[in-house]
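These notes are about the structure you will find just below.
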Amino acid sequence: MPSRKRLRRPFYRRNALQVARDLLGRVLCRRLSDGQVLRARIVEVEAYDGRADRASHAHRGRTPRNLPMFEAGGIAYVYLVYGMHHCFNVVTGDRGSPAAVLLRATEPPAAGEPASGPGRLCRAFRIGRDESGCSLLGREVWLEEGSPVGDRRVKRTPRIGVSYAGDWARRPYRFVIRNHGDASGPRRLR
DNA sequence: GGTGCGATTGCA
DNA sequence: GCAATCGCACCA
């Protein structure tokens with residue numbers, strides 16, 4: 001039985017790679033306007049670690065859009081890509097060191113519809129830009145301990161869709177639960 | 001004020 | 001393989 005204890009502030013105030021690894025098996029929770037709560041287990045994430053990371057929105061410095069990334073860990077960073085899809089990130093680390101973890105897939109059927117891929121995940125959880133900057137310790141969006149996964153079940157690969165990032169594109173900053181069918185991405189990199 | 005493109009998705 | 005679709009970063 002997965003734990004429903006909420007992840008607390010110290011969980012988020014660590015390095016993005018540590019948080020990313022540790023987010024696998026945790027449970028993303030979302031309270032809808034009608035009171036219903038959606039829950040689903042996280043199976044795929046990517047770390048975006050600091051200003052030096054050429055794949056990160058923080059690489060070009062702080063802007064109104066990426067402001068949440070520069071805050072202390074434990075809040076959301078949500079943005080619109082390709083004019084139509086949202087991406088949900090968990091902000092990590094300390095204030096002033098921009099870092100976040102992109103949630104790329106959860107396993108159904110908890111959320112009711114497919115949540116494989118960052119855009120679909122946001123659609124399934126009704127997460128949009130209104131949620132950017134919101135606390136992950138509050139009543140709208142939060143994470144629960146769930147069932148952490150052991151090292152043998154964690155696979156690392158390069159991140160998806162960041163080929164412009166030079167050397168950083170090759171770093172193994174994507175974490176997936178090994179052999180999990182709901183991971184996203186071209187040819188379902190496992 | 002103009003321009004180019006993206007941490008994606010779905011369909012041909 | 002590629003169109004959809006628009007906020008925003010960047011340059012002028």
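Each chain gets a letter, A, B and so on, in the order its sequence line appears, and its residues count up from 1.
The backbone N or O of A:Ala100 lies less than 3.5 Å from no partner atom in the side chain of A:Asn89, so there is not a single donor-acceptor pair. Of the possible polar contacts, none joining the A:Arg65 side chain to the A:Tyr79 backbone as a donor-acceptor pair under 3.5 Å is found. Without hydrogens or angle criteria, A:Ser132 side chain to A:Arg129 main chain gives no donor-acceptor distance under 3.5 Å. Between the A:Arg13 side chain and the A:Pro10 main chain, no donor and acceptor come within less than 3.5 Å of each other. Under a 3.5 Å cut-off, the side chain of A:Glu140 and the backbone N or O of A:Glu131 do not form any donor-acceptor pair.
Atom NE2 of A:His57 is separated from atom C1' of B:dT8 by 12 Å (rounded to the nearest Å). The interatomic distance linking A:Glu46 (CD) with B:dA7 (C1') rounds to 6 Å, in whole Å. Summarising the geometry, the separation between CD1 on A:Ile160 and P on B:dG6 is reported as 16 Å, rounded to the nearest angstrom. Taking atom CG of residue A:Asp49 and atom P of nucleotide B:dA7, one finds them 17 Å apart after rounding to whole Å. A:His86 places its NE2 atom 19 Å from the P atom of B:dG6, with the value rounded to the nearest Å. With rounding to whole Å, A:Arg174 atom CZ is found 14 Å from B:dT8 atom C1'. Counting to the nearest Å, the P atom of B:dA7 and the CG atom of A:Asn89 are 11 Å from each other.
Within a 6.0 Å sphere centred on CZ of A:Arg9, heavy atoms belonging to other residues, nucleotides or ligands number 12 at most.
The shortest distance between side-chain heavy atoms of A:Leu67 and A:Arg62 falls below 4.5 Å. Under the 4.5 Å side-chain criterion, counting only non-hydrogen atoms from C-beta, A:Arg159 is in contact with A:Trp168.
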In dot-bracket, 5' to 3', how would DNA chain B read with Watson-Crick or G-U wobble pairs under 3.5 Å, [ ] for crossing ones and | for pairs to another strand?
||||||.||||.
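Atom C1' of B:dC5 sits at a distance of 15 Å from the matching atom of C:dC2, rounded to the whole Å.
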For nucleotides 3-9 of chain C, give me one character per nucleotide, 5' to 3': B if any protein heavy atom sits under 4.0 Å from the base, S if the only such contacts are to the sugar-phosphate, - if neither.
-BBBSSS
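For the pair A:Tyr79 and B:dG6, the criterion of a side-chain N or O lying under 4.0 Å from OP1 or OP2 is not met.
When the salt bridge (charged side-chain N to carboxylate O under 4.0 Å, His left out) test is applied to A:Asp151, the partners found at least two apart in sequence or on another chain are A:Arg21.
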